[in-house]
S.K.: 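Could you have a look at this structure, given as structure tokens, before my questions?
Worth knowing before you read on, the calculation uses all heavy atoms, side chains too, and leaves out hydrogens, waters and symmetry mates. Bear in mind that the values here come from a model prediction, so they are computed numbers and not experimental data.
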Amino acid sequence: MSEQRTTERRRGDYPVLRTITTRWEDEDVYGHVNNVVYYSYFDTAVNGYLIEATGTDTRELDAYGVVAETGCRYLRELRFPGDVQAGLAVTKLGRSSVVYEIGLFQGDSDEPAAVGKFVHVYVAGAERTVTPVPDVVRAVLEKLAVSPDS
């Protein structure tokens, strides 16, 4: 991830926290949540927030976000069983794209177990033509805005 800061955000630095319950199948043979599952947590947290905050099923809008880039810094293991809190922040809101930062936390620690980057580019139609972020989505994303360096 190109926007690496010298210090990580803490749990309270994220405008929204969403709870995700780990599943038996999330752990691998090494006894921790497998790295690919973290990306599922990112996707679940972002899209769950968008659906709840907008009050609409975002899949029914004329434009929708497709993933253009992802990244993750793994800092500590996540384990089953136990809830994970996903902290959501928007570090860049462009005309047709949004850059999310997602911090994953487990237990009482205020330090993230992982920090992810998730980029959505909004497209429309069968041709998936790049298009502006819908107003209803932009309104809820503005509430998540933070400085990328803070």
S.K.: Looking at residues at least two apart in the chain, or sitting in another chain, which of them share a side-chain hydrogen bond (donor to acceptor under 3.5 Å, both in side chains) with Asp83?
M.R.: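 With neighbours one apart ignored, the set is Thr21.
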S.K.: If only atom types and distance count, is the side chain of Tyr49 paired as donor or acceptor with the main-chain N or O of Thr54 below 3.5 Å?
M.R.: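 No, Tyr49 side chain to Thr54 backbone: no donor-acceptor pair under 3.5 Å.
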S.K.: Between Arg79 and Val33, is there a side-chain heavy-atom distance shorter than 4.5 Å?
M.R.: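 The answer is no, as the side chains (C-beta and beyond) never meet within the 4.5 Å cut-off.
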S.K.: Does the side chain of Tyr100 come within less than 4.5 Å of Lys117's, by heavy atoms?
M.R.: no
S.K.: Looking only at heavy atoms, what is the nearest atom pair of Leu104 and Ala86, with distance?
M.R.: CD2-CB, 3.8 Å
S.K.: Keeping the roles fixed (side chain from Arg76, backbone from Glu111), state whether a donor-acceptor pair exists under 3.5 Å.
M.R.: yes
S.K.: Search all heavy atoms of Ala89 against all heavy atoms of Val146 and return the closest pair with its distance.
M.R.: CB-CG2, 3.6 Å
S.K.: Which atoms form the tightest heavy-atom contact between Arg11 and Asp108, and what is the distance?
M.R.: NH2-C, 3.9 Å
S.K.: Quick check: is Phe118 connected to Val66 through a chain of hydrophobic side chains (ILVMFWY, heavy atoms under 4.5 Å apart)?
M.R.: no
S.K.: Would you tabulate the side-chain donor-acceptor contacts of residues 129-139 under 3.5 Å, counting partners in other chains and residues two or more places apart, or write 'none'?
M.R.:
| unit_1 | atom_1 | unit_2 | atom_2 | d |
| --- | --- | --- | --- | --- |
| Arg138 | NH2 | Gly94 | O | 2.7 |
| Arg138 | NH2 | Arg95 | O | 3.2 |

S.K.: Return the set of residues passing ring pair (Phe, Tyr, Trp, His ring centres under 6.0 Å) with His32 (not counting sequence neighbours), or none when no residue passes.
M.R.: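 Partners of His32 by the ring pair (Phe, Tyr, Trp, His ring centres under 6.0 Å) criterion come out as none, since no residue qualifies.
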S.K.: Would a 4.5 Å heavy-atom cut-off, applied to side chains only, mark Asn34 and Glu27 as touching?
M.R.: no
S.K.: Report yes or no: does Glu101 contribute a side-chain atom to a donor-acceptor pair with the main-chain N or O of Thr91 at less than 3.5 Å?
M.R.: no
S.K.: Just say parallel, tilted or perpendicular for the rings of Tyr14 and Phe105, cut-offs at 30° and 60°.
M.R.: perpendicular
S.K.: Closest approach of Pro112 and Glu8, non-hydrogen atoms and distance?
M.R.: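 Closest pair (atom of Pro112, atom of Glu8, distance): CG-CB, 3.9 Å.
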S.K.: Measuring from Gln85:CD to Ser109:OG, what's the distance to the nearest 0.5 Å?
M.R.: 11.5 Å
S.K.: Is it possible for you to say whether Leu93 and Val99 belong to one hydrophobic cluster, with membership spreading through side-chain heavy-atom contacts below 4.5 Å?
M.R.: no
S.K.: Main chain of Asn35, side chain of Tyr74: is a donor-acceptor contact present, judged purely on distance under 3.5 Å?
M.R.: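 Flag set: sc Tyr74 to bb Asn35 pair under 3.5 Å.
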S.K.: Within the 4.5 Å heavy-atom criterion, are Glu52 and Arg18 side-chain neighbours or not?
M.R.: yes
S.K.: Would a 4.5 Å heavy-atom cut-off, applied to side chains only, mark Gln106 and Thr22 as touching?
M.R.: yes
S.K.: Which residues pass the ring pair (Phe, Tyr, Trp, His ring centres under 6.0 Å) test with Tyr64, not counting sequence neighbours?
M.R.: none
S.K.: Is there a path from Leu88 to Val90 through hydrophobic residues (I, L, V, M, F, W, Y) whose side chains come within less than 4.5 Å of each other?
M.R.: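 Yes, because Leu88 and Val90 connect within a single hydrophobic cluster, where side-chain heavy atoms sit under 4.5 Å apart.
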S.K.: Is Trp24 linked to Val84 within one hydrophobic cluster, defined over Ile, Leu, Val, Met, Phe, Trp and Tyr using a side-chain heavy-atom separation of less than 4.5 Å?
M.R.: no
S.K.: Spell out, yes or no, whether Tyr122 and Val119 are grouped together once hydrophobic residues are joined by side-chain heavy atoms under 4.5 Å, including indirect joins.
M.R.: no
S.K.: Closest heavy-atom contact between Lys143 and Pro15?
M.R.: O-CB, 3.8 Å
S.K.: Using the test side-chain contact (heavy atoms from CB on, under 4.5 Å), find all partners of Ile51 that sit at least two apart in sequence or belong to another chain.
M.R.: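 By the side-chain contact (heavy atoms from CB on, under 4.5 Å) rule, Ile51 matches Asp57, Thr58.
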S.K.: Would you be so kind as to tabulate the donor-acceptor pairs closer than 3.5 Å made by side chains of residues 40-47, with sequence neighbours excluded?
M.R.:
| unit_1 | atom_1 | unit_2 | atom_2 | d |
| --- | --- | --- | --- | --- |
| Tyr41 | OH | Asp26 | OD2 | 2.7 |
| Asp43 | OD1 | Asn47 | ND2 | 2.7 |
| Thr44 | OG1 | Ser40 | O | 2.9 |
| Asn47 | ND2 | Asp43 | O | 3.1 |

